[in-house]
Amino acid sequence: MAPENVDVVDQAGDRDIGGSVLPTPAAPRSFESSGTLDLDSLTRLMGKRTVNLVGILGEPESGKTAALVSLYLLVANARLKGWNFANSLTLTGFEDIARGSREWNVGHPPEQMTGHTHLSDDRRPGFLHLRLRSSVDKCCIDLALPDLPGEWTQALIRRDNWQRLNFLRSANVIWIFADGRVLANTEHRQAYILRLGQLAGRLHFHLGDAAPPVKLVLTHRDAGEVSQAVMTELMKKFKDRQLDAEVVEIASFARKGIKIKAGHGLDDLINKSMHVFTKPAQFWPKEEPQQCARSYLSYRRDR
């Protein structure tokens, strides 16, 4: 009997040969990525709190990424009038697009301040997150800002490629970027206005009456002001496509020696997009009682 017991013990020992001496320690929780958010991550965030989704469109070199960089740098340096930085889930994403704006000789900025946008997945948009606190009422707003290649807008204009832009149906506001320098150029202006009108037509076709407010963002205000005649012609193109737009002029980066400062108009763009300029109505206004006035019976009769 003894040999059999020895065999049983040896066989059990053989099964433990090569096994772990100590149990594997629990892996520490890794930090979440602070790059751009994909649609799934943005959806989860919107399920937790109110997020203002901004749709951003514009052809290549229209100034979309430069505006995002300028907005980030203004907030980082506490220079965005009326707003303070509260939080961001995509600081690395902002730093990636802002890096080029920090690399130039002092006083001699290059013609191209930001690099061309490239997405890791050409079929899915990436979103930058920014949480701002109002310096007036201390309320916070969350912004989801897509940094999209200008080729996506071109594909929408030329081939009606809408599928990857379907998230615009959930947008609170749409920013259409247009290069103010091109609008001031008599040689290329008409073709540019035509393409912007076609873009407005595409948006109305896909969004219809459910289209959110549209802001036409004219960039490079530091290079000169767009004439009123051109502005009127451009607005007529939008109205012909049954799409109303409010014009906001900005200057993401300003040239030295002019009165227009870097970041000009970005605070105005945020305010008009978030409708913070309207004062809330008084909940219960104080009124002096009037003799023989039947205020109780006539209250809100005219509403």
Side-chain angles (χ1 to χ4, degrees), residues 52-75 79-83 97 113-114 128 130 132 134-136 141-148 150 153 168 171-185 189 192-193 195-197 199-200 203-204 207 211-239 241 243-255 258-279:
N52 297 277
L53 176 58
V54 180
I56 298 179
L57 297 173
E59 295 186 86
E61 312 300 331
S62 60
K64 303 182 301 300
T65 302
L68 295 179
V69 171
S70 184
L71 176 63
Y72 169 66
L73 295 178
L74 287 174
V75 172
R79 295 177 59 184
L80 183 64
K81 185 178 179 181
W83 298 96
I97 64 173
M113 296 293 291
T114 56
L128 296 166
L130 192 61
L132 301 176
S134 172
S135 58
V136 177
I141 60 171
D142 286 82
L143 300 176
L145 306 161
D147 184 26
L148 306 180
T153 300
L168 293 177
N172 298 84
V173 63
I174 294 179
W175 296 348
I176 298 179
F177 282 78
D179 192 336
R181 297 170 303 181
V182 180
L183 291 173
N185 187 303
R189 180 170 56 211
Y192 198 56
I193 292 177
R195 294 197 301 273
L196 288 171
L199 176 58
L203 287 177
H204 181 263
L207 300 177
V214 176
K215 310 300 176 185
L216 181 60
V217 185
L218 304 185
T219 59
H220 297 285
R221 175 62 181 82
D222 55 310
E225 186 177 4
V226 178
S227 67
Q228 187 59 45
V230 173
M231 203 84 73
T232 301
E233 182 180 0
L234 186 56
M235 289 297 96
K236 185 177 184 303
K237 289 289 184 183
F238 274 69
K239 290 183 179 180
R241 272 72 175 184
L243 192 70
D244 293 327
E246 184 178 12
V247 176
V248 180
E249 293 185 285
I250 69 169
S252 300
F253 302 100
R255 293 177 174 83
I258 62 174
K259 295 182 179 180
I260 301 297
K261 297 182 179 180
H264 169 83
L266 287 175
D267 57 336
D268 190 32
L269 178 60
I270 297 295
N271 292 339
K272 290 182 177 179
S273 298
M274 299 299 110
H275 304 286
V276 298
F277 56 90
T278 57
K279 295 182 179 180

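Each residue takes its place number in the sequence, starting with 1.
In this structure, the side chains of Ser70 and Leu266 come closer than 4.5 Å at one or more pairs of heavy atoms. Looking at heavy atoms from C-beta onward, Leu207 lies out of side-chain contact with Leu243 at the 4.5 angstrom threshold. For the pair Asn271/Trp83, a side-chain contact is recorded, criterion being any heavy-atom separation below 4.5 Å from C-beta on. Between Met231 and Leu218, some side-chain heavy-atom pair lies under the 4.5 Å cut-off. Two residues are said to be in side-chain contact when any heavy atoms from C-beta on lie closer than 4.5 Å; Thr153 and Leu199 meet this criterion. For the pair Val214/Leu216, no side-chain contact is recorded, criterion being any heavy-atom separation below 4.5 Å from C-beta on. For the pair Asp244 and Lys239, the minimum side-chain heavy-atom distance is below 4.5 Å. Contact check for Leu71 versus Leu130: side-chain heavy atoms found under the 4.5 Å cut-off.
Side-chain N or O atoms of Thr232 include one that pairs as donor or acceptor with a backbone N or O of Gln228 at under 3.5 Å. Looking at Lys64, its side chain does come within 3.5 Å of a backbone N or O of Gly58 through a donor-acceptor pair. Remark: side-chain polar atoms of Tyr192 are not paired, donor with acceptor, to backbone N or O of Asn185 under 3.5 angstrom. Here the side chain of Thr219 pairs a donor or acceptor atom with the backbone of Ser62 at under 3.5 angstrom.
Residues Ala178 and Leu183 approach most closely at CB-CD1, 4.4 Å, considering heavy atoms. Contact record, Glu249 with Val226: OE2-N, 3.8 Å, taken as the closest heavy-atom pair. Of all heavy-atom pairs between Ala262 and Leu74, the closest is O-CD2, 4.2 Å. Contact between Ala171 and Pro212 at its shortest, heavy atoms only, is O-CB, 3.5 Å. Contact between Leu68 and Pro146 at its shortest, heavy atoms only, is CD1-O, 4.2 Å.
Separating the NZ atom in Lys272 from the NZ atom in Lys215 is a distance of 7.5 Å, to the nearest 0.5 Å. A distance of 9.0 Å separates CZ in Arg241 from NZ in Lys236, rounded to the nearest 0.5 Å. The distance from atom OG1 of Thr65 to atom CG of Leu145, rounded to the nearest 0.5 Å, is 11.5 Å. Atom NZ of residue Lys81 and atom CD1 of residue Ile270 lie 14.5 Å apart, to the nearest 0.5 angstrom. Separating the CD1 atom in Ile174 from the CG atom in Leu53 is a distance of 9.0 Å, to the nearest 0.5 Å. Considering CZ of Phe253 and CG of Asp222, their distance stands at 10.5 Å, rounded to 0.5 Å.
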- Task: Dump the intermediate steps for side-chain contact (heavy atoms from CB on, under 4.5 Å) on Leu203 and Leu168, then the final yes or no.
- Result: CA-CA 9 Å; Leu203 287 177; Leu168 293 177; 4.2 Å; yes

- Show your reasoning for whether side-chain contact (heavy atoms from CB on, under 4.5 Å) applies to Met235 and Val247. CA-CA 9 Å; Met235 289 297 96; Val247 176; 3.6 Å; yes

- Task: I would like to know whether Val173 and Asn52 meet side-chain contact (heavy atoms from CB on, under 4.5 Å); could you show each step before the answer?
- Result: CA-CA 8 Å; Val173 63; Asn52 297 277; over 6 Å; no

- Starting from the C-alpha separation in whole Å, work towards a yes-or-no answer on side-chain contact (heavy atoms from CB on, under 4.5 Å) for Ile56 and Leu148. CA-CA 7 Å; Ile56 298 179; Leu148 306 180; 5.8 Å; no

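Counted by atom type alone, His264 and Arg221 present zero donor-acceptor pairs between their side chains at under 3.5 Å.
Evaluated for a side-chain contact (heavy atoms from CB on, under 4.5 Å) with Met274, the options Asn172, Leu143, Leu269 yield exactly one hit, Leu143.
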